[in-house]
J.: 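Just passing along the structure, written as structure tokens.
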Amino acid sequence: MQNAIVVLNAGSSSIKFSLFVERGDSLEPNVRGLFEGIGTAARFVMKAPDGSVKAEKSWPEENKLSHEEAFDFIVGHLRSELADNRLIGIGHRVVHGGSVYTRPIRVDQESLKVLDTFSPLAPLHQPHNLLPIRRAMERMPDLPQVACFDTSFHRTQPEVAQMYGLPADLREAGIMRYGFHGLSYEYIASMLPEIDPKAAQGRTIVLHLGNGASMCALLGGQSLAATMGFTAVEGLPMGTRSGSLDPGIILHLIDRHNMDARRIEKLLYKESGLLGISGISSDMRTLLTNDDPRARLAVAYFLYRIRRELGSLAAALGGLDALVFTAGIGENSPAIRSGVCRDAAWLGVEMDEQANVEGRRRISSDSSRVAVYVLPTNEEVMIARHTRRLLNN
Ligand code: AMP
């Protein structure tokens, strides 16, 4: 009998899940899948590691399912996949750990209350992340539930990197730079020693370019600075998020455009970024194959802001040894990688175009002063590792 760990990543209308089984020192993926369309037309699919479908089911729109029902359905299926392995706990992705949780925790009623208090800091994610934890604690009170935070990894940053130029009492009230995508950066940092020991000990900038996009400066594998701050809207423009703005714009929207907080929230999170600029799509693939000048402008702005942030993060590091591209756009778009590297030539980045187009792991030329890599991220395995470590201690 082997130990097994379930990993859940719950969003507003979907739950991603995976099952890992311990084999010696490693955690092997067993099945993974997605329950989407919660509250609308629900769909469940579960796949084997080779991508073959092991189970699927769809529900008509009239038959809406709740988060709780989706959770119960997933757990039911995972139980049948466990075979004779022993489930030791569930690891959950939780976006916000505030300034309190600098590492994963085993959740109890007390810490669940604390996590609830972070919901106003991440209203679009935190409440959904907490739902399956609550349900699991009701249904399986003896099974450990572990929360892994997107913010924890950034708590190694120096104080100046974690603050804003606001009065001290506001900082004490929690208005600070938390940083996000921490599980992704931590996974990449864990891969570096094997791939490039010099970069692992030195100065690396990781570009997590997906529908959500951010960048992180790693010094010796620890977070030194990042583009996302108080919320996951700061920094780069994203699929539908604006990225950094002059805060004066918010005041102007309130004063002159009669917008209230909810309207501005929708504007900044759902209607801006690549979608807002192009008026066409939030999807980078669509924009890269569209000749419309607005699509080109959206891509140009994305690249321009990466160029600016790269300079800023390289300055925080005092130089650069390696760049790492990851997430949907970073892992799959030679055109974006090529644009970023061209803009970073002044930092000593020289790309091997052939390697880039072929999607090799190392895409810099032999003479490049800065090594450039494409590494698939894996937040799920990071959560499974944390869960195992915590429960084994
Ligand atoms: P993620 O949030 O990490 O799943 O990334 C989603 C983003 O990756 C979307 O904007 C996709 O358009 C983009 N993406 C996926 N494949 C490609 C590709 N081959 N070329 C460009 N963008 C891609």
Side-chain angles (χ1 to χ4, degrees), residues 7 9-18 32-36 45 47 51 93 95 122 124-125 128-129 150 180-188 191 206-216 226-228 231-233 235-243 269-292 294-306 324-342 351 353 355-361 363 373-383:
V7 171
N9 180 355
S12 56
S13 64
S14 68
I15 303 176
K16 284 191 207 140
F17 59 90
S18 3
R32 58 185 309 177
L34 175 68
F35 200 114
E36 59 185 342
V45 60
K47 293 181 178 173
R93 182 188 191 166
V95 72
L124 305 183
H125 294 101
H128 305 295
N129 299 157
D150 268 314
F180 296 89
H181 288 144
L183 293 159
S184 173
Y185 293 128
E186 190 176 12
Y187 177 78
I188 299 292
M191 299 282 290
V206 185
L207 299 96
H208 179 111
L209 308 178
N211 196 33
S214 75
M215 292 160 64
C216 179
T227 59
M228 281 178 173
T231 66
V233 85
L236 300 177
M238 310 173 210
T240 59
R241 283 173 252 171
S242 64
Y269 282 87
K270 302 274 186 209
E271 301 171 352
S272 297
L274 299 175
L275 175 67
I277 298 167
S278 68
I280 295 169
S281 174
S282 63
D283 193 304
M284 186 56 91
R285 264 169 308 197
T286 308
L287 297 176
L288 286 169
T289 51
N290 194 312
D291 281 337
D292 190 299
R294 295 172 305 161
R296 288 174 182 273
L297 184 63
V299 175
Y301 182 67
F302 187 69
L303 285 171
Y304 176 70
R305 295 309 309 193
I306 291 174
V324 178
F325 288 95
T326 195
I329 301 171
E331 291 167 27
N332 297 301
S333 175
I336 295 295
R337 292 195 299 255
S338 184
V340 170
C341 288
R342 215 176 306 122
M351 176 175 264
E353 268 308 335
N356 181 38
V357 171
E358 285 173 11
R360 282 192 229 145
R361 185 156 86 171
I363 59 168
Y373 299 97
V374 181
L375 302 178
T377 194
N378 196 333
E379 290 149 314
E380 282 78 22
V381 92
M382 204 64 238
I383 295 170

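Note that ligands are numbered from 1 as they come in the structure, with each ligand's atoms numbered from 1 the same way. If you read the sequence from its start, that first residue is 1, and numbering goes on from there. These numbers come from the heavy atoms of this one structure, side chains and all, not from hydrogens, waters or symmetry mates. The model shown is predicted, which means the values in this text are computed figures rather than measured ones.
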J.: Within the side chain of Arg241, is there an N or O that forms a donor-acceptor pair under 3.5 Å with the backbone of Ala232?
T.: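 Such a contact is found between Arg241 side chain and Ala232 backbone.
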J.: Could you tell me which residues satisfy side-chain hydrogen bond (donor to acceptor under 3.5 Å, both in side chains) with Thr286, sequence neighbours excluded, listed by chain and number?
T.: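 Residues passing side-chain hydrogen bond (donor to acceptor under 3.5 Å, both in side chains) with Thr286: none at all.
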J.: List of N/O pairs, ligand 1 versus protein, all under 3.5 Å?
T.:
unit_1: ligand 1; atom_1: 2 (O); unit_2: Asn211; atom_2: N; d: 2.8
unit_1: ligand 1; atom_1: 3 (O); unit_2: Gly328; atom_2: N; d: 2.9
unit_1: ligand 1; atom_1: 5 (O); unit_2: Asn211; atom_2: N; d: 3.4
unit_1: ligand 1; atom_1: 8 (O); unit_2: Ile329; atom_2: N; d: 3.3
unit_1: ligand 1; atom_1: 10 (O); unit_2: Met284; atom_2: N; d: 3.2
unit_1: ligand 1; atom_1: 12 (O); unit_2: Asp283; atom_2: OD1; d: 2.3
unit_1: ligand 1; atom_1: 12 (O); unit_2: Met284; atom_2: N; d: 3.1
unit_1: ligand 1; atom_1: 12 (O); unit_2: Arg285; atom_2: N; d: 3.3
unit_1: ligand 1; atom_1: 19 (N); unit_2: Asn332; atom_2: O; d: 3.2

J.: How close do Ser282 and Leu274 get, heavy atom to heavy atom, and via which atoms?
T.: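 For Ser282 and Leu274, the tightest heavy-atom pair comes out as O-CD1, 3.8 Å.
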J.: Identify the two heavy atoms, one from Ile306 and one from Met215, that lie closest to each other, and give their separation to 0.1 Å.
T.: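 That closest heavy-atom pairing would be O-CE, 3.9 Å.
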J.: His181 vs His208 aromatic rings, parallel, tilted or perpendicular, using cut-offs 30° and 60°?
T.: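 The arrangement is parallel - the two ring planes meet at less than 30°.
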J.: So for atom NE2, which belongs to His128, do other residues, nucleotides or ligands contribute more than 12 heavy atoms lying within a distance under 6.0 Å?
T.: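 It does: His128 NE2 has more than 12 such atoms within range.
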